[in-house]
Amino acid sequence: MMCRQIKKGFANYYTLKKVLLCLPKTLFCYFISFGKIKIPSIVEFGVKFYGPINNLYLGKYSKLERNVIIQTVAKNNITIGERCTIGEGTMIRPSSYYGGDIGMGLTIKDGSAIGVNSYIGCSGEIVIGRSVIIGPRVTMIAENHNFNKTSELIKEQGVTKIGITIKDNVWIGANVTILDGVTVGENSIIAAGAVVNIDVLPNSIVAGVPAKLIKMRDDS
């Protein structure tokens, strides 16, 4: 237990050191508490919030890189845990800017990171577990348009919202698309460029369009 606490202390020290080195190009939220943004954390210049700032929780040692856009109007708010990174240019959008239904929102647990220029459409609830690695230009869409009636415009038939769940210790490669209703099991890997429209088994590797099982991971 003592060794674990020492290792965690060193990890926090090095994270804080990186935070301090980034000071010249960032707004450093160490001496101020802005809404529910905890200290210390980094919000780089160019980050934009649309909606009530109190709907956003940002944990300690987390970082929002340049030009991140977070729309905070959501039933379950936007929660980002400790030691998380949201990559430059990423958009988190639970609801339309122009009215309509309010989306469910997003939860990201401790130690996870989203790569640059990703899009998280959390109209249905999206939950991302601990220590999840998400590559650049990943898209998650937690809703589907209804389209069964050919006599009506698709945009007027409404949507369904099931939600997306990413379990702990998952690696999602660049340019992956994850669609509504998907659960990605723990310790799994999604290869770059995959389109995931069905659940991913724990400890598995999937790839392709649509994504299919390639192999199961084995410690041996």
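This chain uses plain numbering: 1 for the first residue, then up along the sequence.
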Flag the pair [X] / [Y] as yes when at least one side-chain heavy-atom distance between them is below 4.5 Å, and no otherwise.
X	Y	result
V116	P136	yes
N55	I78	no
E125	N76	yes
V73	Y50	no
P40	Y61	yes
I86	E65	no
N67	T90	no

Give me the atom names and distance for the closest heavy-atom approach of [X] to [Y].
X	Y	result
I42	L58	O-CD2, 4.4 Å
Y57	K38	CE1-CE, 3.5 Å
A194	A211	CB-CB, 4.2 Å
M216	P202	CE-O, 3.3 Å

Just verifying a value: how many Å separate [X] [atom1] and [Y] [atom2], rounded to the nearest 0.5 Å?
X	Y	atom1	atom2	value
S123	K75	OG	NZ	8.5 Å
E156	K149	CD	NZ	11.0 Å
R83	S131	CZ	OG	7.5 Å
S112	I114	OG	CD1	8.0 Å
Y119	I69	OH	CD1	10.5 Å
L64	S41	CG	OG	7.5 Å

Trace of the side chain to side chain contact (heavy atoms under 4.5 Å, CB included) decision for M140 with I172 = CA-CA 11 Å; M140 298 185 192; I172 300 172; 4.1 Å; yes
With no hydrogens and no angle check, is any side-chain donor or acceptor of [X] less than 3.5 Å from a backbone partner on [Y]?
X	Y	result
D168	R130	yes
T79	L56	no
Q157	N148	yes
E44	R66	yes
S62	G81	yes
S95	I102	no

Please list, one pair per line, the donor and acceptor atoms closer than 3.5 Å that link side chains of residues 177-190 to other protein atoms, with sequence neighbours excluded.
| residue | atom | partner | partner atom | Å |
| --- | --- | --- | --- | --- |
| D180 | OD1 | I162 | N | 3.3 |
| D180 | OD1 | G163 | N | 2.7 |
| D180 | OD2 | I162 | N | 2.9 |
| N187 | OD1 | N169 | ND2 | 2.8 |
| N187 | ND2 | N203 | OD1 | 3.1 |
| S188 | OG | G185 | O | 2.5 |

Same apolar cluster: [X] and [Y], side chain cutoff 4.5 Å:
X	Y	answer
V209	L213	no
I134	V206	yes
V132	V176	yes
I92	I53	yes
I141	M91	yes

request  = Just do the side chain to side chain contact (heavy atoms under 4.5 Å, CB included) check on T72 and I70 with the steps written out, would you?
outcome  = CA-CA 6 Å; T72 65; I70 300 179; 4.0 Å; yes
request  = May I have the step-by-step check of side-chain hydrogen bond (donor to acceptor under 3.5 Å, both in side chains) for N175 and R137, ending in yes or no?
outcome  = CA-CA 5 Å; N175 299 302; R137 298 177 301 279; 2.9 Å; yes
Report, one line per pair, each donor and acceptor closer than 3.5 Å where one atom sits in a side chain of residues 103-110; sequence neighbours left out.
| residue | atom | partner | partner atom | Å |
| --- | --- | --- | --- | --- |
| D110 | OD1 | E82 | N | 2.9 |

query = Hey, is NZ on K161 packed in by over 12 heavy atoms from elsewhere, all under 6.0 Å?
reply = yes
message = Just to verify, what does K155 make a salt bridge (charged side-chain N to carboxylate O under 4.0 Å, His left out) with, not counting sequence neighbours?
response =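 Salt bridge (charged side-chain N to carboxylate O under 4.0 Å, His left out) list for K155, sorted by chain: empty.
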